[in-house]
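Since the structure comes first, as structure tokens, the remarks are kept for the end.
These values consider heavy atoms only, across backbone and side chains, with no hydrogens, waters or symmetry-generated copies.
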Amino acid sequence: MLIMLLTVLAASHMCSRPVRVRFAPSPTGYLHIGGLRTALYNYLLARKHAGTFVLRIEDTDRERYVEDAETDITAALEWAGLSYDEGPTVGGDVGPYYQSARKELYQQYVQQLLDSGHAYYAFDTPETLDARREEAEHGFSYNAATRGEMENSLTLPDEEVTRRIAHGDPYVVRMKVAPESSIRFEDTVRGTVSFASEKVDDQVLLKSDGMPTYHLANVVDDHLMAITHVIRGEEWLPSTPKHILLYRYFGWEPPAFAHLPLILSPEGGKLSKRDAEALGIPVSVSDYAEAGYEPEALLNFLALLGWNPGTEEEVFSLEELAEAFSLDRVGSSGVQFDMDKLRWFNEQHLRALDLGTFTARVAAHADAHGLDDVDKDYLQQVCALMHERVSFAHEVFTESRYFFEAPTSYDQKGVKKRWKDDAPALLSAYAEALEALDTFTEATAEQTLRDIADAHGCGAGRIIHPTRLALSGVTFGPSLFAMMEVLGRATCVERMRTAIEELG
RNA sequence: GCCGCGUUCGUCUAGGGGUUUAGGACGCCGGCCUUUCACGCCGGUAACACGGGUUCAAAUCCCGUACGCGGCACCA
């Protein structure tokens, strides 16, 4: 009863404002797979509640800035189909959407904290901080216990502080965390989380270059942009108390927090770039695009990596995901990346496409396989036969290359198993009969073959298998007769005679 | 080291006091279909980390241990 009441209250609280979420990548590298999942969950929540999905570029780190990272990130989002309602280029009412362009804006909020005594100036150099960290046995923390030993506006006389600032001495602004309480907050996926505030350090809010740190900028922007739900990776959980404190200092209502479980490597450890590459797992979203994954399949896989719909359904389109999504069905434990399952999702999404769409997806890879002038109708016929047989669209050009050029070799094992002594005679008879046919179709090719088998007193397989070998060079593939109709009579006959010569 | 979060088949997960001989999916194995291969269908393999407690009853609640992951920057 009480729980129900609380749930209703919580729900009404949540719904009091329209849902606004943001994906806030830093242009310090290309969009990676974990980032895409974070973006996806934000996107899904926004779409589910007819809310707004904001893209904000957190470019406050000038040291690690990567020139083409932003282009990669937006290209990856576009490839995936995660469109944003506000952000760079599309604009919006609460911009700018680059933190670097909001630099001046943070200044007033820092001043507000300084005035209210929740922040102070600190002049310690990176070198002295490093030195303190090195000499400390169990790590150094700039906090209530140590701030008295440092050079800051709490230890220095006011005149000295003013003098140094006027003189242009570099300084940072730190938040002043009171040690006496414990900070607790509700995480949508984990429930109540609490930290002892003496473990929270006096985080730098404003760097000496005048840029805000993530912690300050993120809180100020989320408030100014009216963000209702902060959905981000679990790596942010330990710094959330700082953010809660900042909301408190500013007198703002914090958004709901949801910290997503991290994606682990298939071997259990963390998915570092190096490990992933060693295991053959692409890390960058652009690598998935390049490897030929269907964007919807990747998204579907990622959605189910940490979330489940509560039903046994697994294959979803992006629209269906948005419909089914809810934050309270997001799990809280780390999840291992499974390439096999991803591939399965890719197959499922490929097969869900109608033939025309599938063909178009396949055609997009033609150039890369040196087949830029393939006839569309012909390709569609090939695709009809290969649709259920490939895991990736581009495999039509690799797994069934023989539709586009004569086989250059014959599978050794296949020859040994299927090319018997009577094969040349049988194929030769079959080829001749095919040439004599009025109309060459799947049906007549089959009937002709069976007639010849009967005439020679052997099973149809005796001809079927060597013929397949002659046409494709391999022992597997679509129905032989359907294949023959697509290849055409002339090609079939020619390849059969070539095989007779080659294999004897 | 300290702080936090986590732990159900190999993997993703359902279940959150009795409805469970713990369900589904991927993978793997077998079968059916098919004179190929795949698709599809049917079946099988396989899990509540460990130890205490609470309770008539624990995968489910509590405590501890182990292990994993994250964090401890003028990086995000």
On a plain distance test, is the side chain of A:Arg389 in donor-acceptor contact with the base of B:C37 below 3.5 Å?
yes
Report which part of the nucleic acid A:Ser141 touches: base, sugar-phosphate, or nothing (heavy-atom distance under 4.0 Å, all strands).
nothing
With a 4.0 Å cut-off on heavy atoms, is A:Leu305 in touch with a base, just the backbone sugar-phosphate, or nothing at all?
sugar-phosphate
Between A:Lys207 and B:C75, is there a contact of a side-chain N or O with OP1 or OP2 at under 4.0 Å?
yes
Quick check: any donor-acceptor pair below 3.5 Å linking the side-chain of A:Arg64 to the base of B:C75?
yes
For A:Trp307 together with A:Tyr41, are the ring centres under 6.0 Å from each other?
no
Between A:Arg174 and B:A73, does any side-chain N or O lie under 4.0 Å from OP1 or OP2?
no
Salt-bridge criterion met for A:Lys176 and A:Asp202 (N-O under 4.0 Å):
no
Among A:Phe337, A:Tyr293, A:Tyr288, find the one that has a ring pair (Phe, Tyr, Trp, His ring centres under 6.0 Å) with A:Phe301.
A:Phe337
Using only side-chain N and O atoms of A:Arg133, determine if any of them is under 4.0 Å from OP1 or OP2 of B:A73.
yes
Once you apply a heavy-atom cut-off of 4.0 Å, does A:Gly233 come out as touching a base, just sugar-phosphate, or nothing?
nothing
Would you classify A:Gly459 as touching base, sugar-phosphate or nothing, given that sugar-phosphate means primed atoms plus P, OP1 and OP2, and contacts are heavy atoms under 4.0 Å?
base
May I ask you to verify if any side-chain N or O of A:Lys242 is less than 4.0 angstrom from the OP1 or OP2 atom of B:A76?
no
Most 5' of A:Glu312 and A:Leu304 on RNA chain B, judged by nearest nucleotide:
A:Leu304
Using a 4.0 Å heavy-atom cut-off across all strands, classify A:Ser208 as base, sugar-phosphate, or nothing.
base
